[in-house]
Amino acid sequence: MEFNELERQRIEKLKKLREAGVEPYPPRAYRTHTTQAAVEAFVAAEHSGNVPPTVTVSGRLISIRVMGKVAFAHIEDESGKLQLFIRQDEVGDESYTLFKKAFDIGDFVEAGGPVVRTRTGEISVQVKVLRMLAKAITPLPIPKEYEDAAGHLTRYSAFSDIEERYRQRYADLAVNPQVREDFRIRSRMISALRAWLDDHGYLEVETPILQPLYGGAAARPFTTYHNQLKQDLYLRISFELYLKRLLVGMYERVYEIGRDFRNEGVSFKHNPEFTQLEFYCAYTDLFGIMETVEQLIAYTVERVLGTATIAYQGHEITFTPPWQRRTLREVILTHSGIDYVAFPDADALRAEMRRRGYDTASNATWGHLVDNLLSAAEPTIIQPTFIREYPIDISPLAKQKPDDPTHVERFELFVGGMEMGNAFTELNDPLEQEQRFYQQGRDYEAGDEEAQPMDEDYLRALKYGMPPNGGFGLGIDRLAMLLTDHRSIRDVLLYPHLRSRD
RNA sequence: GGCCCGCUAGCUCAAAUGGUAGAGCAGGGGACUCUUAAUCCCUUGGUUACAGGUUCGAGUCCUGUGCGGGUCACCA
């Protein structure tokens, strides 16, 4: 380890503590109250006229104000903050000197004594015993704060360098309470999703992450290798094909929450690994899934934030059902002026798009061109909106519309200008599915690296019969972005992927 | 991957046109027995991301590299 000057000074303090017979990393803490519980116990005693409680509280030192033979400090634990009132004549000369000379902001400490109000009225622990729990070597960038009479909090020089916050998330969390809160919201959100699904007859299952064959989405996979088996394996890009096999096995409602891995570019809304919820429900279709999704997400938002209306990047978004239902054709026509069904092949559509100023790749398939048109409209769709009826070319696992075999029963959910989820009336005709895989194979040969490979075992499952059903996939990270009002997916991932240094 | 922007002390930021690299906080020394951005006096701290180049002289200009941010493309 290399140490800078500040760290060397603190290592000297370590020695000073040990020379005084104080172990700077003792094995145990003896907390009797969280800071919040200490305050509550004090307030209760004050109301009932009882003697104030004596407590032992533990936490990180976040401020120190020494005034000669008396000092004030604040400690913070997960429940909140509490002031320590330390008097030399209460803790003793030796302990007080050690506090002044060897304790720093950032250290974990423990303080025991009665809870009192100081002259300014702040509830504090009148410290009788002060212990070091864990000495910090590296100074934490804990900001100074000022709270005015109106309760408005100003933070000075808060740790805000984006790259360092992501690389040293532990420090970010330690000094930025709002970041801690964002990840609590994310956690509560996942709990709420799970609770709703559990309450509605869905069985939570786990399917393979290491797969001999990937599929279920249009994406390039990560590859890996099993040494003993001498076998190439892929990290899954979706759960879809494994979950639908379970419907063949007579489960009617299944879901999985877990990680997908896609080998593609990173951006403010893409991380190489991300969390997905997928569920499948037998004996329903696209339209049944829409109602389920409305209920599921409205319940989740309400339970996590206490309201169905949220603020997101300056927009007000309301999740109260029913949500808008539009067709892909109408959305694209409205946004771009192009009625894509009038241009049924790639060359014609590309020519029309270029005529209207779109920059299109000359090797893009017709389906991808349609997708590009949708992408252009995407940022304008703020309120929760189901966009349905997709071209069959880009939907190899969805069932065709009975009255229009060029399109499938598929919707994507958009909120806040982002795609949040994707759903189909699932294709359960094994012969048709085989043809779709063949077409994907031809697309792959033609240069589409995201085309899905033939999955013989999945077809074997379908041949046993799969009930009609609808399925849905939800980007958990993106929903978390909405609920925490963050524009970047990295702010809702504890450890977003970053290129390594050196 | 293309283009644009950024990288200066532990943290947050300054440094006209190229001319001795600074401040606040944190840290160190001192004063102070009710403070809360405590206050007051003194003070340490830098390979300016890295490597080259131009120049008498580069944090500043040029080239390259790394990392990050934004944007476009790719991509759900």
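Since we're looking at a predicted model, the values are computed, not measured. Within every chain, numbering begins at 1; the chains are lettered A, B, ... in the order of the sequence lines, protein sequences first and strands thereafter.
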>> Using Watson-Crick or G-U wobble geometry with both distances under 3.5 Å, which nucleotide pairs with G45(B)?
In response: none

> Does U33(B) have a Watson-Crick or wobble mate here (both distances under 3.5 Å), and if so which one?
Replying inline: none

For the side chain of [X], starting at C-beta, report the closest nucleotide among [options].
X: Phe268(A); options: C67(B), C11(B), G70(B); answer: G70(B)
X: Lys69(A); options: U33(B), C67(B), U36(B); answer: U33(B)
X: Arg487(A); options: G30(B), A26(B), U71(B); answer: U71(B)
X: Val70(A); options: U35(B), U33(B), G10(B); answer: U33(B)
X: Arg167(A); options: U33(B), G68(B), C75(B); answer: G68(B)
X: Met67(A); options: U36(B), C34(B), G69(B); answer: C34(B)
X: Tyr146(A); options: U35(B), A37(B), G45(B); answer: A37(B)
X: Glu450(A); options: G69(B), C75(B), U35(B); answer: C75(B)

>> Among Ile297(A), Ile387(A), Asn422(A), exactly one meets side chain to side chain contact (heavy atoms under 4.5 Å, CB included) together with Leu413(A). Which residue is that?
In response: Ile297(A)

Salt bridge [X]-[Y], side-chain N to carboxylate O under 4.0 Å:
X: Lys244(A); Y: Glu278(A); result: no
X: Glu76(A); Y: Arg60(A); result: no
X: Glu352(A); Y: Arg356(A); result: yes

Take the protein atom [atom1] of [X] and the nucleotide atom [atom2] of [N], then report the distance between them rounded to whole Å.
X: Lys269(A); N: C75(B); atom1: NZ; atom2: P; result: 13 Å
X: Ile105(A); N: G28(B); atom1: CD1; atom2: P; result: 10 Å
X: His486(A); N: G69(B); atom1: NE2; atom2: C1'; result: 16 Å
X: Arg499(A); N: C7(B); atom1: CZ; atom2: P; result: 20 Å
X: Leu498(A); N: C7(B); atom1: CG; atom2: P; result: 19 Å

>> Distance alone, cut at 3.5 Å: any donor-acceptor contact between the side chains of Asp77(A) and Thr34(A)?
In response: no

> Side-chain N or O of Arg165(A) less than 4.0 angstrom from OP1 or OP2 on G69(B)?
Replying inline: no

Which part of the nucleic acid, if any, lies within reach of [X] when heavy atoms closer than 4.0 Å are counted: base, sugar-phosphate only, or nothing?
X: Glu122(A); answer: base
X: Lys13(A); answer: sugar-phosphate
X: Arg155(A); answer: nothing
X: Ala217(A); answer: nothing
X: Asp161(A); answer: sugar-phosphate
X: Glu5(A); answer: base

>> Here's a test of your reading of the structure: between Arg119(A) and Phe159(A), which maps to the more 5' nucleotide of RNA chain B?
In response: Phe159(A)

Looking only at N and O atoms, is any donor in the side chain of [X] or the base of [N] less than 3.5 Å from an acceptor on the other one?
X: Ser157(A); N: G24(B); answer: yes
X: Thr118(A); N: U35(B); answer: yes
X: Ser160(A); N: U12(B); answer: no

>> Taking side-chain hydrogen bond (donor to acceptor under 3.5 Å, both in side chains) as the criterion, tell me which of Arg410(A), His407(A), Lys401(A), Arg326(A) meets it with Glu389(A).
In response: Lys401(A)

